[in-house]
Each structure stands twice: as structure tokens, then as C-alpha cells.
Amino acid sequence: MVTDGLKDLREKIRHSTAHVMADVVKQLYPDVKLAIGPPTADGFYYDFMVATPFTEEDLEKIEKAMQKVISNDLPFIYSEYSRDEIVDMNQSEPLKLEVISDIPEDEIISTYSHGEFEDLCAGPHVESTGDIPVFKLLNVAGAYWRGDENRPMLQRIYGTAFESQDAMDEHLGRLEEAQRRDHRVLGRELDLFSIHEETGPGLIIWHPKGARVRSLFEDFWRDEHYKRGYDLIYTPNIGRENLWRTSGHLDFFQENMFAPSETDAQNYYLKPMNCPFHIMYYKSSLRSYRDLPMKVGELGTVYRYERGGTLHGMLRVRGFTQDDAHIFCMPGQIESEIDSVLDLTFDLLQAFGFDDYTMNLSTKPTKAVGSDEQWEVAENSLRKTLDSRGLEYEVEEGGGAFYGPKIDVNIRDAIGRSWQCTTVQFDFNLPERFGLNYIGEDGDSHQPYMVHRAIFGSLERFMGILIEHYGGAFPTWLAPVQIKIIPIADRHIEYGIALRDQLSERGIRCEIDDRSERMNAKVRDAQLAKIPYMFIVGDREVESKTVGVRLRSGEDLGAVALNEVLERIVLEVEEKIT
RNA sequence: GCCGACGUAGCUCAGUGGUAGAGCAGCUGUUUUGUAAACAGCAGGUCGUCAGUUCGAACCUGACCGUCGGCUCCA
């Protein structure tokens, strides 16, 4: 539990550590120009402009020198300056001068100093460098000045600092835990997926076990959508240039699209989104108000050109399948439609054990299409729906896409990390561009409202999140193999095969380990494969027509009648127990 | 795309100018086993790719491809 007081203390410690770091960097490398060094959620960083980037060895050197400054216990001293004075003091620090010029006229300009080092800073800080209990420098990375890729690349040193060794150890332990759960490593170890230089970066090969998990949550997704009145369709992977002209993607999204291929003197583009195809379906027939709301969904595979440096396992790829759907409705139907999307969202996500959410509402940006009235109706209906559910959310003013406002849902995983999956976006652009309409009760033609929404977001990304969330130990309902049958000696294989056939017959995913290995080795391999149940069969079990049940946790349930343990497994699957 | 690091067998890694090695995995044989690794043997690599330096390159240089940590962007 992190109280506000503790949060403030940590912020002070980290900010102060950043100053100490800047101090020693300046001493060790006098040519370095200082940028900024704020505390962050988990630590701090400081950006430096430097001719030769820092190395790991530099970090060690810096860390040692910092220890010395800390043990010298130098007090942090607060001072205020006039604008002229501070500009004067920072003549050799061009980046600081830029920061200073951005400080509003009426604001007090202050610094904190310790020893010989003085840095422009609003504070607050701890009393003295000696009040920094523990810190650690973590890594060095490039970062653009002011986050703008057109500006110079600075060198950023990341570090962390805490009020106690225990707290820091816990934090570093969490980082290690995240590493242990890395879906790229588990994906290989558990034989779930692979990525190949030969096929191309950011393109996923789903192996049978990974594909099994995917098809399980896809089936769940389909069932829930059919139940709630969605129609599911299939659409192509490529489309003609004109389609993407009409949709506006060639104007606004082209840099994220793969280059076209020319066939029959026509340019075809791989689809980066499914919406134009769903719109074609809408337009395939004259629509009446009686047809609305119309909810059209698809597990649609899209391809987007992502810059090389951004790709990351399954979490950031170039080819992915969206659990996409488009809702066409009348203005009066918006609220209940948004509401039912949220219902669906929480029902789906909870099945995976995600029950901690944060939500964002993004409103009209300065450059936008659609009338103010449309935006107001849409934003209000999003707000109202969130409010009526008593959900807390952050409003990101101006954070919406140019074509409409949106709600994003972030889920928190088993080790407290937040992931954005669900997005619900209004679109005032495409209905206009494609001239969508329906015949109203009044006999006139009207333009429908259109909402894009994806719950999982991308199946690849969702799979990556699931792997890390479960640490590879999928709950029984999702486990690619639910039971491993382990015959102790070859004479027990026959009984094992009979068991397997019986279980498969009942729809249970079950394998038998009939290698001529020792039982210990088979148990170990099943354990490493994170299979939820092991059925060990030897003379005793054959004799008593039972199975020796060992759980993934290591717990040994002893010899159990098949029906008894099956009841437990079926319940776990049906209730989607995580 | 940008900054930095890295790329040797399926995996994890050793090998800093003289023609490539280990463990695990794989295959074969022996073993028939009671809750996290039996034993032995065999096989496996144009050292990311292409060019250059050199009598000689896994090793030095360059370009490209890919991966990793970040930045930027985002499902």
C-alpha cells in the first residue's frame, strides 16, 4: 500500500537522486549539457546532451561517485532568482535556457543546490544528500529532446531510488518477475508461437498450442457476440486503391500502410483496418431504421507498417487480428449501445481474471471532422454511460481521434501492470465519406452514427498479455493441454491410452507421455510445460481403476476416481475459474 | 525511423587473427522406473547476409538484415 505521504517522500528522494546524478555527470564529463531530470512512477531519469553516449562502465563510475556525494551529506539549498539572474547563470546550458524561456512570466524561478551543483528546479527535495537511503542506476537509452523526433537525441540515464533497501528490493524483484513472465521467452519454452527473420519482422507464426489457446478465446468471443445480437462476417485482406481514397486512409494513414501491389493496372492495398469492408456490407442493401442498431463484427486480420524500432514480440506487430465490430445506429440508440459494449467488455475480460480497470475518455481535438453538435451528443453519451455505471475515468481533453471521441479501457494484470485493450470510438468521418444512410420512420434518408469497437484489441497483443498475466500457466479452461497422463512403466501405457481416449471423447485436452523415460522426468517435463493436471498411472491405479492426480501447484491428491476428478475439471472449465 | 548494445548448433552460452566447443534438447541402444532431470553412444554449425582488409577472418572495417533497452508512435 503506497500512501500519499510515501508517494511524496519517494518523489523527493528520486528528484534529489536525479540532482546528485546530474552533479557527478557534470563533474566526470564537463562538456555535457544538462536537459531535465524528473522523478517517474518507478524512479527517475536525467537527460544529457553529450558527444559520446554513456556505456555500462560509465554508469558504474557515475554510481560510485554518487555514493560519495550522498555520504558527504550535503544539504539541499533552495534559492529564488530573477529571470535575468537565472539566464545569466545558465549561459553554458542551452537546454536549460530553453526550459527557462518556457516558464510563465509570473512564476517564481527557483533552484536547488547541493555542494557546488545548482540546478533549476521547483522542488521539493529531501533535506540533504544523506537523506537518500538507496538508489540504483538501471540503464541508459536515447531520448529525443522534449520527446520530439525532429530535435536532437539526448542520452537518458534511468535509475530508481527508495526510502528503504526492502522497498527497492521489492521493486527490483517485480522487474525480475516481469522478466520471468516475458511472453517472448515463455512463447518459445511453451511452444506457443515464433517469429522469423525469413517471414518478416512483426509477423507471428502461431504454433499448435498457441493456436489452441487462441481458438478457445475466439470461440468464447464469438459465442458472447452472437448472444448479444452481433452478426459476424468475413472480409478480404486487400482492397483497391479507390476504397482507401474514399475512406481517407490514403490521406491520413498511408504511412502506416504497406506499399500497394499492382494487378490489372489497379493498386491493391493490404488492409490496415476493417471498417471500409464492414461499411460495404452495410451499403449492400437499402437500410431502414428497423435494421438499426446494426452490429457487425469480425475477427479481421490487418497489416500495418510499424517502424522497425517499435516492434516487440506479440505485443507490437505488423500483422494482427482485431476483434473488431462496427455499430451503426440512430442518435437515440447511442447510450444503450455504448452501455452494452461496456457490458460485453467487462464480461469478456473478467473471464480472464481481469477485474481491475482504468478508463479514459478522450474528447474533441482542435482538428476534427463532424459538427460540434455531433461531438457533443457523442461525448455526452459516453460520459453519461460511464457515470451511470459509477465508473471512474480520466478525461483526456482533445485526446480523441480527428473523426470522433472515444473510451479506452485499461486492464491491470497479475503483477500490476496496465495494458490498453478495449477501445470504443465514434466515427463521424466514414458515414459521411461513404454516404451511409437509412430510411427513417419519417420516410426520409438519414445518416447513421457509427461506432468502432474492439474488446481484446488485437488477438496477438491479447495473447502476449495473457501469457505474461498467467506467467504461462493458463487456467484450465484455456490450457492447450489440460491433462498429461504419465504411465509409470510401459505396462501402464495401455491403461493410459484408454484413459486418454475416454477423456478426449469428453472434450478434454489430454496427452499421454509414452516415452521410455523415468516417471520423475515425465513429471518434470509436464511441470515445466505448466500443464494443470497430471494423471499418474501405475500398478495401484490400474488395479483400483483410479488416477494419481498431481496438480501444477505440486499438490498430490493421491489416487482418485476418474469421475471425481473430472467433475472438478469440468467445473473449472465451465466456470472459467482462473 | 532515431540513440546505444547485440547476432556462434533447436535453446542457453564459451571461443579476440591460424580453419569451431560445452550443457540441455534431438536420434539410437540399454534401463521399466511411484511425484521436478537414468546411463551410454551418435548426429548436429557456409559463426545473420554481403562486401572489404589480410598469406589467412567467428574474431578487424563498412553496408544491409534482424533482435534487445529506450525515444517516438500505437491495437
Side-chain angles (χ1 to χ4, degrees), chain A residues 45 47 49-50 52-56 58 138-158 179 182 184-185 188-189 191 194-202 253 255-256 272-274 300 302 304-324 401 408 419-423 425 452-462 464-465 484 486-493 515-529 534-541 548-552 554-559:
Chain A
Y45 64 82
D47 286 347
M49 187 153 73
V50 54
T52 45
F54 301 111
T55 63
E56 288 297 316
D58 291 331
L138 296 174
N139 55 353
V140 53
Y144 297 109
W145 172 229
R146 306 229 136 167
D148 182 343
E149 61 183 328
N150 298 310
R151 312 208 56 180
M153 175 70 65
L154 309 177
Q155 292 302 313
R156 173 173 297 178
I157 300 179
Y158 282 95
Q179 246 173 43
D182 189 321
R184 294 165 301 183
V185 177
R188 186 177 46 241
E189 287 174 358
D191 200 13
S194 58
I195 304 173
H196 303 263
E197 190 170 343
E198 292 89 331
T199 35
F253 207 68
E255 64 194 36
N256 282 295
M273 294 190 195
N274 301 300
V302 298
R304 296 186 186 171
Y305 176 77
E306 298 291 347
R307 297 154 124 197
T310 66
L311 300 174
H312 182 89
M314 289 187 122
L315 294 177
R316 193 67 194 279
V317 295
R318 284 187 175 155
F320 58 101
T321 301
Q322 292 182 306
D323 64 318
D324 207 357
D408 292 321
W419 305 92
Q420 196 221 302
C421 291
T422 307
T423 178
Q425 311 188 342
H452 310 251
R453 45 108 290 187
I455 314 282
F456 298 149
S458 126
L459 301 191
E460 283 72 9
R461 181 181 155 78
F462 192 67
I465 293 169
K484 184 69 103 178
I486 298 178
I488 288 176
D490 287 354
R491 63 179 178 280
H492 309 120
I493 289 178
R515 295 174 302 166
S516 101
E517 279 288 352
R518 291 177 61 224
M519 181 209 54
N520 285 300
K522 297 181 186 181
V523 168
R524 179 169 195 270
D525 288 344
Q527 196 73 48
L528 291 175
M534 281 171 238
F535 284 4
I536 290 158
V537 293
D539 291 336
R540 293 205 293 266
E541 287 78 12
V549 178
R550 180 188 158 110
L551 305 181
R552 181 160 57 185
E555 196 183 345
D556 184 355
L557 301 187

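Proteins get letters first, then strands, A, B, ... in listed order; numbering begins at 1 in each.
Across all strands shown, nothing is found opposite B:G45 as a Watson-Crick or G-U wobble partner with both distances under 3.5 Å. The partner of B:C39 is B:G29, by the rule that a Watson-Crick or G-U pair needs both atom distances under 3.5 Å. Pairing for B:C50 goes to B:G62, judged as Watson-Crick or G-U wobble with the two contacts each under 3.5 Å. Base pairing annotation: B:G18 forms a Watson-Crick or G-U wobble pair with B:C55, both donor-acceptor distances under 3.5 Å. Across all strands shown, B:U67 is found opposite B:A5 as a Watson-Crick or G-U wobble partner, with both distances under 3.5 Å.
No engagement by A:Glu255 is indicated, since no non-hydrogen atom pair under 4.0 Å with the nucleic acid exists. Using a 4.0 Å heavy-atom distance criterion, A:Arg491 is classed as a sugar-phosphate-only contact.
Comparing A:Pro201 and A:Gln155 by the nucleotide of RNA chain B that holds the closest heavy atom to each, the one mapping nearer the 5' end is A:Gln155. Residue A:Tyr144 is the one, among A:Gly554 and A:Tyr144, whose nearest nucleotide of RNA chain B lies closer to the 5' end (criterion: closest heavy atom).
By the salt bridge (Lys or Arg N to Asp or Glu O under 4.0 Å) test, A:Arg515 pairs with A:Asp513, A:Asp525, sequence neighbours left out. For A:Arg304, the salt bridge (Lys or Arg N to Asp or Glu O under 4.0 Å) criterion is met by no residue, not counting sequence neighbours. For A:His492, the ring-ring contact (aromatic ring centres under 6.0 Å, His included) test picks out no residue, with sequence neighbours left out. Listed by chain and number, the residues in a salt bridge (Lys or Arg N to Asp or Glu O under 4.0 Å) with A:Arg146 are A:Glu98, A:Asp102 (sequence neighbours excluded). With sequence neighbours excluded, no residue forms a salt bridge (Lys or Arg N to Asp or Glu O under 4.0 Å) with A:Asp323.
Here the range on RNA chain B touched by chain A, meaning any atom under 4.0 Å from one of its heavy atoms, is B:G1 to B:A75.
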